[in-house]
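Some notes on the structure that comes next.
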There are 2 protein chains.
Amino acid sequence: MHELFFESFNTKVQLTKEEELQIAKYLTPKKLRKKQYLLQEGDPCKYVAFVEKGALRSYSVDEKGNEHIIQFAIEGWTISDLYSFLTDEPATYNIDAIEDSELTLISKTAHEELLLTMPKFETFTRLNITGAYVAMQKRLTSIISSLSEDRYESFNAIYPDIVQRVPQHMIASYMGLTPETLSRVRKKMVGR
Amino acid sequence: MHELFFESFNTKVQLTKEEELQIAKYLTPKKLRKKQYLLQEGDPCKYVAFVEKGALRSYSVDEKGNEHIIQFAIEGWTISDLYSFLTDEPATYNIDAIEDSELTLISKTAHEELLLTMPKFETFTRLNITGAYVAMQKRLTSIISSLSEDRYESFNAIYPDIVQRVPQHMIASYMGLTPETLSRVRKKMVGR
DNA sequence: AAAAAGCATTGACCTATGTCAATGGAAATC
DNA sequence: GATTTCCATTGACATAGGTCAATGCTTTTT
């Protein structure tokens with residue numbers, strides 16, 4: 001239990017066995033079946049979830065009922081509605097499982113206590129959020145400056161595993177395109 | 001010197017006078033004239049800059065020579081090419097001054113030493129990056145799910161000061177639109 | 001095994017945004 | 001104060017992407 005979580009932790013900040021045990025007390029394992037929600041829009045987000053196994057997505061739903069995928073998370077990734085988690089405001093995103101999944105949950109109180117008592121946890125958190133920030137900035141840059149064709153190509157190059165595991169219309173949603181448009185973009189690319 | 005920097009620091013993490021003096025040793029003031037570069041694409045990003053006065057932008061330039069603004073930074077904000085700063089890779093963004101500006105710079109070595117020696121600096125850094133992450137996620141969400149008209153309206157509501165100070169074509173660039181399109185969007189909005 | 005649901009593709013058509021060029025005014029520079 | 005540069009706007013036209021509807025295939029459910 002929590003194997004991958006600690007593996008990931010140790011590659012960023014090295015822990016002793018005692019520290020691992022100390023942190024483990026604050027962690028909750030959770031299994032989620034495909035399509036089950038971890039979080040629904042309007043509820044406060046109570047957890048940060050680390051994916052041990054499976055795949056999840058966070059997404060918003062607009063007035064017309066269209067879903068817009070904000071983030072995918074597969075093994076080794078973290079997912080949450082961070083704004084809601086930090087402020088206790090109602091979540092603006094939904095999070096659900098794309099595949100049957102196993103998670104390591106960190107509750108808000110656990111998160112706060114760990115930050116106060118374990119400097120290494122704060123470092124781990126800082127490195128995680130920094131990495132997420134840099135990744136998101138790259139995504140933003142490509143959205144405002146690249147053609148959809150190039151964006152799909154680079155998504156394929158960076159996340160081939162996600163392309164394999166996730167239905168194409170979700171990739172389209174993540175890219176801010178309709179499924180039809182992504183289908184046509186792909187068709188155009190085959191030629192070359 | 002560094003007044004605003006410490007004011008901002010203290011609202012996030014309270015410092016003693018001694019700690020302020022300790023940190024101040026690592027800070028460098030810098031003035032930048034309008035249009036001067038703080039960073040040019042290709043150079044390694046050596047600083048994180050806190051804006052004491054003035055306004056800056058970071059932007060990328062695509063193959064066609066079009067500029068795409070990634071971020072604005074006015075008084076109290078921080079700007080950098082974080083990926084380049086952390087990895088020493090060549091910067092992919094340019095940063096320049098939109099107005100004559102005064103900055104507080106933190107060099108890479110200063111940043112590293114402060115993180116190692118001052119837990120409060122790590123907390124400050126973590127809170128900053130977390131806030132920046134949440135803000136950027138909101139921007140991303142609105143780009144992939146809102147009409148340009150709504151996006152401009154909400155940009156106006158959130159950053160009225162930037163709209164006042166920055167030429168409209170830069171707002172367009174930030175929104176991923178051409179100046180012509182933003183001009184038309186605005187025209188359509190006047191009616192209502 | 002049969003039925004239902006989910007998914008990718010395609011066509012016809014529509015809308016938003018981009019491109020290019022011209023204009024006039026404002027601001028910066030000399 | 002004159003000149004130049006920068007900037008926002010507008011028109012005509014081109015293109016990317018969205019919408020709606022139909023089809024056939026695959027996966028899931030019963």
Side-chain angles (χ1 to χ4, degrees), chain A residues 32-36 54-55 57 59 61-69 72 96-101 142-153 155-156 162-192, chain B residues 32-36 54-55 57 59 61-69 72 96-101 142-153 155-156 162-192:
Chain A
L32 219 57
R33 282 299 191 68
K34 185 173 174 173
K35 295 201 181 177
Q36 277 189 317
R57 60 173 183 159
Y59 60 98
V61 180
D62 67 24
E63 328 82 52
K64 294 181 193 157
N66 295 320
E67 294 176 357
H68 301 279
I69 295 185
F72 292 112
D96 66 17
I98 302 176
E99 307 172 355
D100 293 353
S101 300
S142 93
I143 285 187
I144 64 175
S145 60
S146 302
L147 299 171
S148 54
E149 203 171 321
D150 298 333
R151 279 195 283 139
Y152 182 70
E153 208 160 64
F155 184 83
N156 254 297
I162 292 184
V163 176
Q164 292 310 313
R165 289 165 65 170
V166 163
Q168 191 173 304
H169 72 269
M170 290 194 187
I171 311 282
S173 169
Y174 179 88
M175 292 179 63
L177 300 175
T178 60
E180 293 94 332
T181 298
L182 180 56
S183 171
R184 287 174 181 124
V185 167
R186 278 162 45 86
K187 193 179 177 187
K188 231 176 47 178
M189 288 171 63
V190 173
R192 302 197 227 132
Chain B
L32 219 57
R33 283 300 192 65
K34 185 173 174 172
K35 296 199 181 181
Q36 277 189 317
R57 61 172 181 160
Y59 60 97
V61 181
D62 67 24
E63 327 82 54
K64 294 180 192 157
N66 296 319
E67 294 177 358
H68 301 278
I69 294 185
F72 292 113
D96 66 18
I98 302 175
E99 307 172 356
D100 293 353
S101 301
S142 92
I143 285 188
I144 63 176
S145 59
S146 302
L147 299 171
S148 55
E149 203 171 322
D150 299 334
R151 278 194 284 140
Y152 182 69
E153 208 161 64
F155 185 83
N156 255 297
I162 293 184
V163 175
Q164 293 311 314
R165 290 165 67 171
V166 163
Q168 189 173 305
H169 73 269
M170 289 193 187
I171 311 282
S173 169
Y174 178 87
M175 293 178 62
L177 300 174
T178 60
E180 293 95 333
T181 298
L182 180 56
S183 172
R184 287 173 181 126
V185 166
R186 278 162 46 86
K187 193 180 177 186
K188 233 176 46 177
M189 287 171 62
V190 173
R192 304 197 226 134

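Lettering of chains follows the sequences in order, A, B, ..., and the numbering in each one begins at 1.
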Quick one: B:E67 CD to D:dC6 P, roughly how many Å, whole number? 12 Å
Does A:T178 make a side-chain N or O approach to OP1 or OP2 of D:dG17 shorter than 4.0 Å? no
Nearest-nucleotide pick for B:T181, side chain only, options being C:dG18, D:dG11, D:dT19: C:dG18
Atom-to-atom span, CD1 of B:I98 to P of D:dC6 - whole angstrom: 15 Å
Nearest-angstrom distance from the residue atom CD of A:Q164 to P of C:dA8: 13 Å
Ignoring hydrogens and geometry, is there a side-chain-to-backbone donor-acceptor pair from A:R57 to A:Y174 under 3.5 Å? no
Send over the distance from B:N66 CG to C:dT17 P, rounded to a whole Å. 17 Å
Quick one: B:D150 CG to C:dT17 P, roughly how many Å, whole number? 11 Å
Do the side-chain N or O atoms of A:S148 get closer than 4.0 angstrom to the phosphate oxygens (OP1, OP2) of D:dA16? no
Here the distance between atom P of D:dC7 and atom CD1 of B:I171, to the nearest Å, is 12 Å
Is the side chain of B:S145 donor-acceptor paired with the backbone N or O of A:D62 at a distance under 3.5 Å, no angle test? no
Any sub-3.5 Å donor-acceptor pair from A:S101's side-chain atoms to A:E99's backbone N or O? yes
Using a cut-off of strictly less than 4.0 Å, decide whether A:K187 has a side-chain nitrogen or oxygen near OP1 or OP2 of C:dT10. yes
Would you kindly give the CD-to-P distance between A:E99 and D:dT27, to the nearest whole Å? 15 Å
Would you check if the side chain of B:S146 reaches a backbone N or O of B:R151 as a donor-acceptor pair within less than 3.5 Å? no
A:M189 CE to C:dT9 C1', in whole Å, measures 16 Å
Picking from C:dC7, D:dG11, D:dG18, which would you name as closest to the side chain of B:R184? D:dG11
Could you check whether the side chain of B:Q168 and the base of D:dC7 have a donor-acceptor pair of N or O atoms closer than 3.5 Å, going by distance alone? no
Is there a donor and acceptor pair, one atom on the side chain of A:R186 and one on the base of C:dT10, closer than 3.5 Å? no
A:S183 has a side chain; which of C:dA28, C:dG18, C:dT9 sits nearest to it? C:dT9
Using a 4.0 Å heavy-atom cut-off, does B:L177 contact any base of the nucleic acid, only the sugar-phosphate backbone, or nothing at all? sugar-phosphate
I want to check one thing: is the phosphate of C:dG6, taken as OP1 and OP2, less than 4.0 Å away from some side-chain N or O of A:H169? no
5'-most contact on DNA chain C (nearest-nucleotide basis), B:E180 vs B:K35, goes to B:E180
Taking all atoms of both residues into account, what is the closest heavy-atom pair of B:S148 and B:M175, and its distance? O-CE, 3.6 Å
